[in-house]
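What follows is a single structure, written as structure tokens, with notes after it.
This structure is a prediction, so every number in the text was calculated from the model and none was measured.
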Amino acid sequence: MKKILTLTTLLSLSTLFSSTTQAADYIIDTQGAHAFVNFKISHLGFSWVTGRFNTFDGTFSYDAEKPNEASIVVNLDTTSFDSNHALRDKHIKDAKYLNVEKYPTAKFQSTSITDKGNGKLAVKGNLTLHGVTKEIMIDAEKIGEGKDPWGGYRAGFSGTTSIKLSDYGIKQPGPDSTHAELELHVEGIRK
């Protein structure tokens with residue numbers, strides 16, 4: 001009986017003092033405007049039209065000791081497309097381009113994350129946009145993590161990717177507008 005009790009005690013202590021860590025779960029802080037999904041697209045080859053999607057949400061899981069096990073999900077409201085020009089926004093949202101009435105949401109869900117060292121990450125995942133799902137790669141970077149002034153804990157990342165509009169069945173708005181450049185800034189609050 002004494003041997004069984006000792007073995008049980010040792011197993012309990014080893015579990016208690018185990019050095020394995022578990023990824024923390026975060027909610028993307030869109031309420032405090034600490035996260036952004038921005039875009040830019042060529043305007044006739046002369047300059048850029050820039051803007052953002054104003055409404056989105058998401059979560060991510062991250063452990064600095066095991067960045068390859070991280071994951072992220074972002075849900076995007078395509079009706080919130082905003083290029084700071086109401087007439088252009090209405091035009092881009094209509095059936096000819098984004099068709100937000102038929103496709104009011106887009107979603108990105110990671111499938112793998114590769115630690116490239118020095119805070120750099122390669123985030124592979126599926127982007128569903130305009131009713132089409134394609135794999136994309138986001139070049140990401142960890143900005144930082146730590147306690148915030150309100151007693152919480154935060155982690156932040158940024159990333160960029162380029163998507164070919166025709167891959168998603170979206171008509172080009174101009175002859176040089178074949179791709180949209182996406183820029184993501186994500187700050188999460190640990191749950």
For side chain to side chain contact (heavy atoms under 4.5 Å, CB included), just list the numbers for Phe108 and Ile138, CA-CA rounded to whole Å, side-chain angles, deciding distance to a tenth of an Å, and then say yes or no. CA-CA 11 Å; Phe108 174 77; Ile138 299 172; 3.8 Å; yes
When you look at CD of Glu135, are more than 12 heavy atoms from neighbouring residues, nucleotides or ligands closer to it than 6.0 Å? yes
Under a 3.5 Å distance rule, please check whether Thr78 uses its side chain to pair with a backbone N or O of Pro104 as donor and acceptor. yes
Just verifying a value: how many Å separate Thr79 OG1 and Lys93 NZ, rounded to the nearest 0.5 Å? 6.0 Å
Leu182-Ile136 co-clustered via ILVMFWY side chain contacts under 4.5 Å: yes
Quickly, which of Leu87, Asp94, Asp89 forms a side chain to side chain contact (heavy atoms under 4.5 Å, CB included) with His91? Name it, please. Asp94
Distance, nearest 0.5 Å, that separates CG of Asn68 from CG of Leu121: 8.0 Å
May I ask you to check whether Tyr62 and Phe157 place their ring centers less than 6.0 Å from one another? yes
For residues 112-133, which residue pairs qualify under side chain to side chain donor-acceptor pair (under 3.5 Å), counting only residues two or more places apart or in two chains? Thr128-Thr133
Linking directly or through intermediates, with side-chain heavy atoms under 4.5 Å: list the remaining ILVMFWY members grouped with Leu44, chain and number order. Phe46
Nearest 0.5 Å, what's the OG1-CG distance between Thr55 and Asn75? 12.0 Å
Indicate, with yes or no, if Phe36 and Val74 share a hydrophobic cluster defined by side-chain heavy-atom contacts under 4.5 Å among Ile, Leu, Val, Met, Phe, Trp and Tyr. no
Does Glu141 CD have over 12 foreign heavy atoms under 6.0 Å away? yes
Roughly how far apart are Leu127 CG and Ser110 OG, rounded to 0.5 Å? 12.5 Å
Quick check for you: to the nearest 0.5 Å, what is the distance between Ile72 atom CD1 and Ile113 atom CD1? 7.0 Å
Could you tell me whether the side chains of Asp57 and Thr30 share a donor-acceptor contact shorter than 3.5 Å? no
Tell me, with the steps shown, if Ser61 and Asp25 meet side-chain hydrogen bond (donor to acceptor under 3.5 Å, both in side chains). CA-CA 4 Å; Ser61 180; Asp25 294 324; 3.2 Å; yes
Taking C-beta and beyond as the side chain, do Asn99 and Ile170 meet within less than 4.5 Å on heavy atoms? no
Which pairs pass ring-ring contact (aromatic ring centres under 6.0 Å, His included) with one or both residues in residues 65-86, sequence neighbours excluded? Phe39-Phe81, Phe53-Phe81
Phe60 pairs by side chain to side chain contact (heavy atoms under 4.5 Å, CB included) with which of Ile28, Val123, Ile27, Val73? Ile28
How long is the straight-line distance from NZ of Lys107 back to CG of Leu129, given to the nearest 0.5 Å? 14.0 Å
If you define the side chain from C-beta out and look only at heavy atoms, does anything of Pro173 sit under 4.5 Å from Ile92? yes
My understanding is that only one of Lys40, His179, Glu181 makes a side chain to side chain donor-acceptor pair (under 3.5 Å) with Ser162; could you say which? Glu181
Listed by chain and number, what are the side chain to side chain contact (heavy atoms under 4.5 Å, CB included) partners of Thr160, not counting sequence neighbours? Asp139, Glu183
Side chain to side chain donor-acceptor pair (under 3.5 Å) contacts in which one or both residues fall within residues 167-177, not counting sequence neighbours: none
Residue pair Phe56 / Ser80, side-chain heavy-atom distance below 4.5 Å: no
Kindly work out whether a path of hydrophobic side-chain contacts (I/L/V/M/F/W/Y, heavy atoms less than 4.5 Å apart) joins Tyr103 to Tyr97. no
Give every donor-acceptor pair under 3.5 Å between a side-chain atom in residues 143-152 and any protein atom, sequence neighbours left out.
from	atom 1	to	atom 2	distance (Å)
Glu145	OE1	Tyr153	OH	2.9
Glu145	OE2	Lys142	NZ	2.5
Asp148	OD1	Trp150	N	3.0
Asp148	OD1	Gly151	N	3.1
Asp148	OD1	Gly152	N	2.7
Asp148	OD2	Arg154	NE	2.7

Are Leu184 and Met137 joined in one hydrophobic group, where the rule is that I, L, V, M, F, W and Y side chains link up if heavy atoms are under 4.5 Å apart? no
Give a yes or no on whether the backbone of Gly45 and the side-chain of Ser42 come within a donor-acceptor separation of less than 3.5 Å. yes
